[in-house]
Amino acid sequence: MSRKNIATLTVPAGAEAEWVRLRAGIAALPVAVPCAGPERPFWHSTDVAEQAAAARACRECPLLHRCDDYATAAGERSGVWGGWTERERRARRTGRATA
């Protein structure tokens, strides 16, 4: 899969449009999105409780669906994206329920 670097993130080919929509949404907001705040490390933590806290904060974000669209198109395997933890996205991809 070819990749293209857009705004410091290497975006997989086929996910560029979703990334551009997400970045435009972030730029248009009058306040920072939760993942850009002081708890930003939670979004890429390996700690389950921190990931759950990040996912809860995501669910309040007005860009939740754009973020999820990007993560799905990009096949993101790490971090919290669109209100989904790594484990939840993996279960969604494989069709398995999380416990």
Side-chain angles (χ1 to χ4, degrees):
M1 175 186 298
S2 66
R3 296 172 86 77
K4 185 174 183 180
N5 190 343
I6 299 177
T8 71
L9 178 74
T10 302
V11 177
E16 294 96 345
E18 288 83 1
W19 178 249
V20 169
R21 278 181 16 102
L22 177 58
R23 296 295 300 173
I26 291 169
L29 287 177
V31 295
V33 290
C35 57
E39 294 175 343
R40 182 181 183 136
F42 285 11
W43 270 258
H44 293 282
S45 173
T46 56
D47 182 85
V48 174
E50 289 180 354
Q51 283 190 7
R56 280 191 304 275
C58 277
R59 292 181 191 118
E60 301 298 318
C61 180
L63 299 176
L64 173 74
H65 297 290
R66 287 188 192 188
C67 187
D68 184 39
D69 290 346
Y70 163 74
T72 300
E76 284 291 347
R77 301 251 191 253
S78 65
V80 174
W81 291 88
W84 299 83
T85 66
E86 294 173 18
R87 183 177 180 190
E88 291 166 336
R89 277 196 320 282
R90 184 172 42 254
R92 202 168 84 167
R93 279 192 311 274
T94 62
R96 297 182 183 166
T98 57

Are V33 and V11 connected in a single hydrophobic cluster, I mean Ile/Leu/Val/Met/Phe/Trp/Tyr linked by side-chain heavy atoms less than 4.5 Å apart? yes

Would the number of heavy atoms belonging to other residues, nucleotides or ligands and lying under 6.0 Å from NE2 of H65 be above 12? no

Cluster overlap W19 with I26, hydrophobic side-chain contacts below 4.5 Å: yes

What distance do W43 atom CH2 and S78 atom OG have between them, rounded to the nearest 0.5 Å? 14.5 Å

Here the pair of heavy atoms bringing E76 nearest to R89 is O-NE, 3.2 Å

Could you state whether V80 and L63 fall into the same hydrophobic cluster, counting links through intermediate Ile, Leu, Val, Met, Phe, Trp or Tyr residues with side-chain heavy atoms under 4.5 angstrom apart? no

Without placing hydrogens or testing angles, list every side-chain donor-acceptor pair under 3.5 Å for residues 48-62, not counting sequence neighbours.
from : atom 1 : to  : atom 2 : distance (Å)
E50  : OE1    : S45 : OG     : 2.6
Q51  : NE2    : S45 : O      : 2.7
Q51  : NE2    : E86 : OE2    : 3.2
R59  : NE     : G83 : O      : 3.4
R59  : NH2    : G83 : O      : 2.8

Could you label the plane-to-plane angle of the W81 and Y70 rings as parallel, tilted or perpendicular, counting under 30° as parallel and over 60° as perpendicular? tilted

How close do G14 and A73 get, counting heavy atoms only, and between which atoms? O-CB, 4.2 Å

For P12 and A74 the tightest heavy-atom approach is CG-O, 3.5 Å

Pairs flagged by salt bridge (Lys or Arg N to Asp or Glu O under 4.0 Å) wherever residues 61-71 is involved - sequence neighbours left out: R21-D69, D68-R92

